[in-house]
Amino acid sequence: MKLANAQIAWRAAQDIEDGAYVNLGIGFPEMVAQFQPSGRAAIFHTENGILDFGEAPAAGEEDWDLINAGKKAVTLKPGAAFFHHADSFAMVRGGHLDVAILGAYEVAETGDLANWSTGPKGVPAVGGAMDLVHGARRVAVITDHVTKDGKPKLVKRCSLPLTGVGCVTRVYTSLAVIDIVSSRFVLREKLPTLSLDELQSLTGAELLVEGEIINLNVPEI
Amino acid sequence: MKLANAQIAWRAAQDIEDGAYVNLGIGFPEMVAQFQPSGRAAIFHTENGILDFGEAPAAGEEDWDLINAGKKAVTLKPGAAFFHHADSFAMVRGGHLDVAILGAYEVAETGDLANWSTGPKGVPAVGGAMDLVHGARRVAVITDHVTKDGKPKLVKRCSLPLTGVGCVTRVYTSLAVIDIVSSRFVLREKLPTLSLDELQSLTGAELLVEGEIINLNVPEI
Amino acid sequence: MDKTVADLADAIAVVEDGATVMIGGFGGAGAPIELIHALIDRFRATGSPGRLTVVNNNAGNGRIGIAAMIDAGMVAKMVCSFPRSSDPRAFTEKYLAGEIELELVPQGTLAERIRAGGAGIPAFYTPTSYGTELAAGKPVAEFEGRSYVQERWLKADVALIKAELADRHGNLTYRKAARNFSPLMAMAARTTVVQAHVFVEPGGIDPEQVMTPGIFVDRIVKVVDAAQEEALIRQGVEYA
Amino acid sequence: MDKTVADLADAIAVVEDGATVMIGGFGGAGAPIELIHALIDRFRATGSPGRLTVVNNNAGNGRIGIAAMIDAGMVAKMVCSFPRSSDPRAFTEKYLAGEIELELVPQGTLAERIRAGGAGIPAFYTPTSYGTELAAGKPVAEFEGRSYVQERWLKADVALIKAELADRHGNLTYRKAARNFSPLMAMAARTTVVQAHVFVEPGGIDPEQVMTPGIFVDRIVKVVDAAQEEALIRQGVEYA
């Protein structure tokens, strides 16, 4: 038993405060925007120069000059703003975002993140990933706990090319919520159906426990 | 016999091309704007974030949010633009101005300029002078040829605190027009009433002559 | 989300003793006079906030605004490019008496250092001031045969900003050349406090025409009949 | 002053063999398709300009725009952050065959390097890419205990830009998120060539709302019915 992607995204969304400035990585992390608790409205930033964009327009209503970093058509909310790329990354690098939520190939207990390259094969592409891991007050990862082959994605040291050093502060996985504190994984929440030993066996570095482990309860979505 | 300030400004204005982007230093250099040859329109830049400002408004018509770097009220020409201070100095430092015309305490044959400080007494103030001497394609100085005490302002090496090193390319004085080429003063024009020896005796470094010395002819103003 | 606060006193309550405060404006254009005077009122009533470092292009003019802060004895240090004005008495007297510190920064370097502070760029190289006494003690480096000075970012605890339009998210526009340093300071301060002339609903500023996006703004107060510093000085107004 | 030129062919005549060409746009938003296709037409007719270094966030999509330049064999090197797209064949094939060089730059670093080129800042420090293979060989420095990578400015011979409004002085606005890299590239190129959708008289753009001041613009051509790259791709258009 594990959480579906939508459920991981739901869990991550619960930690986003009302009025927070948030950047969601391309792909899976974009799903987080759908699950904001009612009464809260985060302001979403996209690297290509928009603050406070909203959902996709209806099919046929797309304006291709109004897209997000994933090149998907979006809409604007009242109070949105456009700006150029240097100002956009000033927001990122300058520490103005409250949260960045990114995908991962590997996360190390040191907070190192590998999420841009699976090695020297093919065409490399980095986009804004290396910028986003610096500057946001909180850099969180959402990911399956293990790879498709069952190997741990939470590891002692990353084996893949790094996106950033010591940058991740929290990981939301399909099995658990884990903080990174002083270069160690600290388990905060886990699925109640899973024992600590089982979780540890699926994790590539030691899980510390400080105080109570909360049950990771996520609704069916 | 020497040129009045207005005449020095007139001579400097003759070298400004139509459509040139020009910054005039605070004070005496501002006078250059009055003497553009007919048929030419330079675009004036002011450090505090305006391109293409025009003359002062009539007394009583001032808008104090529409001022130049000297804090004098100005007006806008059609096609003017406002921008913030970082963009304004990107124009300066980034080499986008065609000409900057500045005043001087001293100019050395090396192109060094001293125009911001007369020494450690009093309150120092630099403004944009140290930025303006870098970036403009042509940095010209307009000045009396000698100080009020009759001492040369064109010197071998500056004795006053420098504004910039090797930055001045042409000097318009009350007696002559002098280029700085390979760290030497090259005389281009002089008042016809003045002999070369007389001019040399009023100048603190050797004046080279390359080809013809043109008569510095300036109308009565 | 609503970043508006009730009044000027509330707006400037975030300024603490010893803080670095960036204040928008170039001469009188963009000077947030009402926010400054509210800060002076608080200092007179409570003795706080004092020992401030103030960042502005100038160092006050006449007997109002930053000059009045200096007169009141709230300012320990000025970071500016041009501490002169039509009436520079306040700064000049304190400076010559050794009662206020001055960090003199070339104007373009000041703007770029503030932008760097806001953009997460800890240091950069500039040709400005190379070979002059204002580069003394700074690292230099050569690129393509030309020499440059290394300059550091400049950040602040609080920025005080005067805007024209604002919405409650903090999106701002500025009037004419009152823009100057304000968009940069809004980026470089931990807390940006804005006085705005006109409030509009979110969406009331065309998204293409927002000059400072709300992400850089924390507290906004409405000041409908904001004074213009230069106009006050020409009227002989003193805030003493 | 009038920076308008007669037609697209005239506008792009300034691009020489071996030039570095910055091309505005992020995906299809802001891509100056007509200027790019005029460049391809010239290359097909004359064999010039070739061996270009192209700077753009991406490396082309489908069979139009930058992808068609690559297909035509005009591009020796791409400087970009993300050489992938919904249809990246043009770049991918040439790259895997070793026929095109790639300088991969993190997106924020790319933007900042271009701005630095325009602003006369030869180098700056950024936290981005520290400790990664993209920082290999670059100087690093520590400020306040944190490590940063030194990055160099990026300049170009020519920038190709798509604007919404333009006047003959070169003042520009951009449509929505088509702004992206264009204002920065206009600053960083020796010659900036603009295709604009609507021409207005000087003063027709509110001076407060100019996004690129004319000082950064050299040549402007009117393209009334400019195509949108993404829309063309979705229609299956190929420029081959």
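Proteins get letters first, then strands, A, B, ... in listed order; numbering begins at 1 in each.
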Engineer: Hey, could you give me the NE2/CG distance between C:His169 and A:Asp52, rounded to the nearest 0.5 Å?
Structural biologist: 6.0 Å

Engineer: Taking all heavy atoms of C:Val210 and all of A:Ala80, pick out the closest pair and write down the distance.
Structural biologist: CG2-O, 4.1 Å

Engineer: Inspect the surroundings of CD in C:Glu144 and state if more than 12 heavy atoms from other residues, nucleotides or ligands are less than 6.0 Å away.
Structural biologist: yes

Engineer: So does A:Gln34 have more than 12 non-hydrogen atoms from other groups sitting under 6.0 Å from CD?
Structural biologist: yes

Engineer: Just to be sure I understand the criterion: a residue of residues 116-127 of chain C counts if one of its heavy atoms is under 4.5 Å from a heavy atom of chain A. Which ones qualify?
Structural biologist: C:Gly118, C:Ala119, C:Gly120, C:Ile121

Engineer: Which answer fits A:Asp98, side chain, backbone, both or neither, if we ask what part of it has an atom under 4.5 Å from a heavy atom of chain C?
Structural biologist: neither

Engineer: Do you know the tightest heavy-atom contact between C:Asn171 and A:Ala81?
Structural biologist: OD1-CB, 3.9 Å

Engineer: Quick one: pull up CG in A:Asp87 and OG1 in C:Thr212 and give me the separation to the nearest 0.5 Å.
Structural biologist: 9.0 Å

Engineer: Is it the side chain or the backbone of C:Lys155 that comes within 4.5 Å of chain A heavy atoms, both, or neither?
Structural biologist: neither

Engineer: Counting heavy atoms not belonging to A:Gln14, are there more than 12 under 6.0 Å from its CD?
Structural biologist: yes

Engineer: With a 4.5 angstrom heavy-atom cut-off, could you sort out which part of C:Arg115 is near chain A: side chain, backbone, both or neither?
Structural biologist: side chain

Engineer: If you compare all heavy atoms of C:Met187 against all heavy atoms of A:His96, which two are closest, and at what distance to 0.1 Å?
Structural biologist: O-CE1, 2.9 Å

